[in-house]
Amino acid sequence: MAVLFNLFLLSCFTTIATTSIATTSPTNAKPKRLITKLIHHNSVYSPYYNPKDTIADRARHTINSSNARFDYIWKKIEGIPLDTDDVRSGVIAENRRVGFLANISIGSPPIPQLLVMDTGSSLSWTQCRPCTHCFTQALPIFNPPESATYSTVPCDAHNCYHQVPGILCRAPHCGFKLYYGDGTTVSGFLGSEKITFETSDEGITSVPRLVFGCATDVVNVMGVLGGQISGLLGLGAEMTSLVSQLGSKFSYCIGSIWDPQYIHNQLIFGEGAKTEGSTTSLEIIGSFYHIRLDSISVGEKMLDISPQVFELTKDGTRGVIIDSGSTLTYLPKPAFDPLKDEVLSLMNGIVQFVGTENSSPCFKGVIDRDLVGFPVVTFNFADGVDLALDVKSFFSVASRNTFCMAMAPTNAANLTIIGVLAQQGYNIAYNLASKTISVQRIDCALLE
């Protein structure tokens, strides 16, 4: 494991096109290009990669994790308290199995930290000493007094965003307390610190005075944190996020989840974020990003789905969320059922239907061999933006000779979540200032 973890650290260093950034405040820090390698759980470079896992094991982890993620998102937007015994699933517990991991370094001298990427959270945090309660992590826990550039954020500072959920004053310092769906609570203080991004050729770039959460008390109810990760990298839209502090733009490119050797998944911050491709409007409600889905097509056939199924409500309890924490895509039954029926019709006489998994139809066969010529499934968004899903984005392998639709129905509400499996082969760019999102079909290796 030690050798594997060292290899992981070498492979997840960030790539940049600038050498350093000198600025006096995080709000003015607009790096031209900050690229962070993203490592998926299935990658051989992930510290969580288990070569003994079977295909069925990985499929089960994916389903359990995605279902937990959906449950977490739904309860959060419905206003169901996450600090109660009713909620026992969510981003922290499950992302250690199928989330994307990013490596950054904090402080002077820089201390590497391994963080879980999450577009559904805003405040980035890492464990800090002295810990009242902390889980064991592989990398050193950040110790603020040992850094020459660390400072606490006072309650009266503009950086203490009192209107942001979870941010509070613990006089004289600004603090935070966050609740996650698995019952975990994370609390501590806001800190201002230099964050360093490293490149594989040992180049570095640093951004001073970025605000992040210094977690000193982590109540890990389910006991699932630890082992490798240090905290969470929040990519939400609120003022506490690194996105807002680095210029209001970010993009990520996901090439392949299932190829364990794939190394080109990446996250870009700031003005250097690639925003080419088709663009549509973006609605930001809380920590979630909503886009307008007009219809779903299979080949040239538009499915009979009422547009009202995807309609966004002001409170965000209905609509379409694009998410980096879910692997599967979730559709309300009025949308899922027509899609499932069309797939079953197309599969008739081609492959054998073998039942359902996670309420999705499964078939006996091999995707690459048996689905040559299967029509592309397209999510048709507003303003002519299309997300075209080939067979490796629309189906997922369940076992050695079985595959299933990588979609699941939702009964809770008319809430749609577009997961990362459907985003494979695309660069997805977010512009918080203009409230737009750009979608470009591209080989992620071309962005490096």
Side-chain angles (χ1 to χ4, degrees), residues 1-2 5 8-9 12 47-48 82-83 87-88 90-97 99 101-118 121-155 157 159-161 164-196 209-234 240-242:
M1 175 62 76
F5 188 61
F8 164 72
L9 288 181
C12 71
Y48 295 115
L82 298 179
D83 57 341
V87 184
R88 284 293 177 264
V91 59
I92 291 295
E94 299 298 331
N95 261 332
R96 73 174 295 191
R97 284 207 175 270
L101 306 173
N103 180 274
I104 63 173
S105 295
I106 298 177
S108 302
I111 305 298
Q113 304 293 313
L114 187 61
L115 307 179
V116 176
M117 184 183 88
D118 182 20
S121 301
S122 286
L123 180 67
S124 297
W125 60 267
T126 188
Q127 293 192 123
C128 295
R129 297 188 185 278
C131 285
T132 303
H133 299 96
C134 279
F135 54 85
T136 302
Q137 65 180 58
L139 293 169
I141 296 178
F142 180 64
N143 190 7
E146 294 180 355
S147 172
T149 49
Y150 177 85
S151 62
T152 57
V153 176
C155 287
N159 290 331
C160 191
Y161 308 110
V164 176
I167 305 301
L168 47 88
C169 176
R170 292 179 169 172
H173 304 301
C174 190
F176 72 96
K177 188 169 186 178
L178 305 173
Y179 298 95
Y180 293 98
D182 63 347
T184 295
T185 62
V186 179
S187 60
F189 297 93
L190 291 193
S192 175
E193 183 56 285
K194 180 175 73 174
I195 295 182
T196 299
R209 290 180 286 279
L210 291 176
V211 174
F212 74 106
C214 216
T216 57
D217 192 356
V218 181
V219 180
N220 185 13
V221 174
M222 301 298 286
V224 294
L225 283 173
Q228 307 294 353
I229 66 169
S230 310
L232 185 141
L233 179 63
T240 51
S241 75
L242 289 184

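Computed from a predicted model, the values in this text were never measured in an experiment.
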Can you confirm whether [X] sits close enough to [Y] that some side-chain heavy atom of one is under 4.5 Å from a side-chain heavy atom of the other?
{"X": "Val186", "Y": "Phe176", "answer": "yes"}
{"X": "Leu233", "Y": "Asp118", "answer": "no"}
{"X": "Leu178", "Y": "Leu232", "answer": "no"}
{"X": "Ser147", "Y": "Phe142", "answer": "yes"}
{"X": "Cys214", "Y": "Tyr150", "answer": "yes"}
{"X": "Ser121", "Y": "Leu123", "answer": "no"}

Side chain to side chain donor-acceptor pair (under 3.5 Å) involving Ser192 - partner list, sequence neighbours excluded: none
So, for [X] and [Y], which heavy atoms are closest and what is the spacing to 0.1 Å?
{"X": "Cys160", "Y": "Val153", "answer": "N-CG1, 4.0 Å"}
{"X": "Cys128", "Y": "Phe212", "answer": "SG-CE1, 4.3 Å"}
{"X": "Leu190", "Y": "Gly213", "answer": "CD2-CA, 4.2 Å"}
{"X": "Thr149", "Y": "Ser108", "answer": "OG1-OG, 2.9 Å"}

I'd like to know if Cys174 pairs up with Cys155 as a disulfide, counting it only when the SG to SG distance is below 2.5 Å. no
Just how far is it from atom CG of Asn103 to atom CG of Leu115, taken to the nearest 0.5 Å? 8.0 Å
Qualifying residues under side-chain contact (heavy atoms from CB on, under 4.5 Å), relative to Ile141, sequence neighbours excluded: Gln127, Arg129, Cys131, Gln137
